[in-house]
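Per chain, numbering begins at 1; letters A, B, ... match sequence-line order.
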2 protein chains.
Amino acid sequence: MIDLKKICLDKGLRMTGQRITIADIITELGGHPAGHPDVNLIYLKASEKDKNISIATVYRTVKLFEEYGVIEKHDFKDGRSRYEPIQESNHDHLIDIESGDVYEFSNSEIESIQKKIADELGFELVDHRLELYGKKINK
Amino acid sequence: MIDLKKICLDKGLRMTGQRITIADIITELGGHPAGHPDVNLIYLKASEKDKNISIATVYRTVKLFEEYGVIEKHDFKDGRSRYEPIQESNHDHLIDIESGDVYEFSNSEIESIQKKIADELGFELVDHRLELYGKKINK
DNA sequence: TTACTTGCAAATGCTTTGCGAGCCG
DNA sequence: CGGCTCGCAAAGCATTTGCAAGTAA
């Protein structure tokens, strides 16, 4: 598993106590369906480890991590922004509309069709967003 | 072209002057690349026709139209919500990252792959979001 | 030391809502 | 008439920011 704290240090980021706390939380949650925490969840978990941490610091830190390419931000349909550790390979998301859990997938076929569509419309594909929203079958 | 005013009347919505103004504006913009207006643009155009209209009314009206299935709301990566008249067939969007213009497309192949992916993950596909962000080639 | 960080509270930007006045059917 | 709408201003929410005090390197 990726260790955000280490990556941040390697990138020369000054790692304060608060930043270590936040990096650890995102690292711990990463990869699990219940990962992709929003700022509020990170703030709640951070408060358990450091009762003085401010939510403003969480906002500033996730923004910083994002700018340094350490984490990635997603805006699913539930309003608040959610974050996950950066990964080597791109992937898209399937969101469980009942639990909010997030599953990752990637499909090269879709990717190439996307490029083709953009090309046909006269565009260079710069970015994309693909999210599937689903309900779990036979729970 | 779809006429929102007519659709609203058919659905039994009380069409006040403000609602007619807003329906007409969305109808006029519909289908064009510069369509998909946000609330502020609708408000500005509405103000030209009715200088007393309130932005609160625009918010209330687009929400009402959306609830009645007359228009559809999209949240692209630019923050504000954007609206378009409902259409018979589903489609996805390519957004010009420089102008904000929106182009529509649909691709049945992608759709079937999406269903397959959801199925493999144990989900029934309820909704999806596919947006391409591109830069115009050789302008 | 010294520039970078933090906590706090105030300020955003977009959207919603309470209220009293006004309008549609 | 009577309930639905409207304009206005205040309230909400998630997020950002100014400032003075605190801290990592």
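- B:K116 meets the salt bridge (Lys or Arg N to Asp or Glu O under 4.0 Å) test with no other residue; sequence neighbours excluded.
- For B:K77, the NZ atom counts as densely surrounded, since its 6.0 Å shell holds more than 12 non-hydrogen atoms of other residues, nucleotides or ligands.
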For this session: Please assess B:D92 against B:H128 for the test side chain to side chain donor-acceptor pair (under 3.5 Å), listing each intermediate value before the final yes or no.
Result: CA-CA 9 Å; B:D92 297 303; B:H128 83 276; 2.8 Å; yes

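- Distance B:K51 NZ to D:dC6 P: 17 Å, rounded to the nearest Å.
- A sub-4.0 Å separation between OP1 or OP2 of D:dA24 and a side-chain N or O of A:R19 is absent.
- When heavy atoms are screened at a 4.0 angstrom cut-off, A:M15 is found touching the sugar-phosphate backbone but no base atom.
- The shortest distance between side-chain heavy atoms of A:H36 and A:Y83 does not fall below 4.5 Å.
- Rounding to whole angstrom units, OH of residue A:Y43 and P of C:dT6 are separated by 14 Å.
- There is a side-chain donor-acceptor pair under 3.5 Å between B:E84 and B:H93.
- Under the salt bridge (charged side-chain N to carboxylate O under 4.0 Å, His left out) criterion, the residue pairs touching residues 36-64 of chain B are B:E28-B:K49, B:D38-B:R80, with sequence neighbours excluded.
- The distance between atom CD of B:E67 and atom C1' of C:dT16, rounded to the nearest whole Å, is 12 Å.
- Between the CZ atom of B:F65 and the P atom of D:dT5 there is a distance of 11 Å, rounded to whole Å.
- Per the geometry, CD1 belonging to B:I53 stands 15 Å off C1' belonging to C:dC23, to the nearest Å.
- Nucleotide C:dC23 holds its P atom 10 Å from the CD atom of B:Q18, rounded to whole Å.
- Taking the C1' atoms of five terminal pairs at each end of the helix from C:dT1-D:dA25 to C:dG25-D:dC1, the two resulting helix axes are inclined by 30°, rounded to 10°.
- Within the structure, a side-chain polar atom (N or O) of B:T16 is placed less than 4.0 Å from OP1 or OP2 of D:dC6.
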Show each protein N/O and nucleotides 15-22 of chain D N/O combination with a separation under 3.5 Å, one pair to a line.
unit_1: D:dT15; atom_1: OP1; unit_2: A:S81; atom_2: N; d: 3.2
unit_1: D:dT15; atom_1: OP1; unit_2: A:S81; atom_2: OG; d: 3.3
unit_1: D:dT15; atom_1: OP2; unit_2: A:Y59; atom_2: OH; d: 2.6
unit_1: D:dT15; atom_1: O5'; unit_2: A:Y59; atom_2: OH; d: 3.4
unit_1: D:dG18; atom_1: O6; unit_2: A:R60; atom_2: NH1; d: 3.3

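- Within the hydrophobic cluster formed by Ile, Leu, Val, Met, Phe, Trp and Tyr side chains joined at under 4.5 Å, directly or through other members, A:I110 is accompanied by A:L94, A:Y103, A:F105, A:I113, A:I117, A:L121, A:F123, A:L125, A:L130, A:L132, B:L94, B:Y103, B:F105, B:I110, B:I113, B:I117, B:L121, B:F123, B:L125, B:L130, B:L132.
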Side-chain donor/acceptor pairs under 3.5 Å, residues 8-26 of chain A, sequence neighbours excluded:
unit_1: A:K11; atom_1: NZ; unit_2: A:Y68; atom_2: O; d: 3.0
unit_1: A:T16; atom_1: OG1; unit_2: A:R19; atom_2: N; d: 3.3
unit_1: A:R19; atom_1: NH1; unit_2: A:R14; atom_2: O; d: 3.0
unit_1: A:T21; atom_1: OG1; unit_2: A:G17; atom_2: O; d: 3.0

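- For the pair A:Y59 and A:Y43, the minimum side-chain heavy-atom distance is 4.5 Å or more.
- Taking atom NZ on A:K11 and atom C1' on D:dA25, their separation rounds to 21 Å, with Å as the unit.
- If you take CZ of B:R82 and P of C:dC14, they are 13 Å apart, rounded to a whole angstrom.
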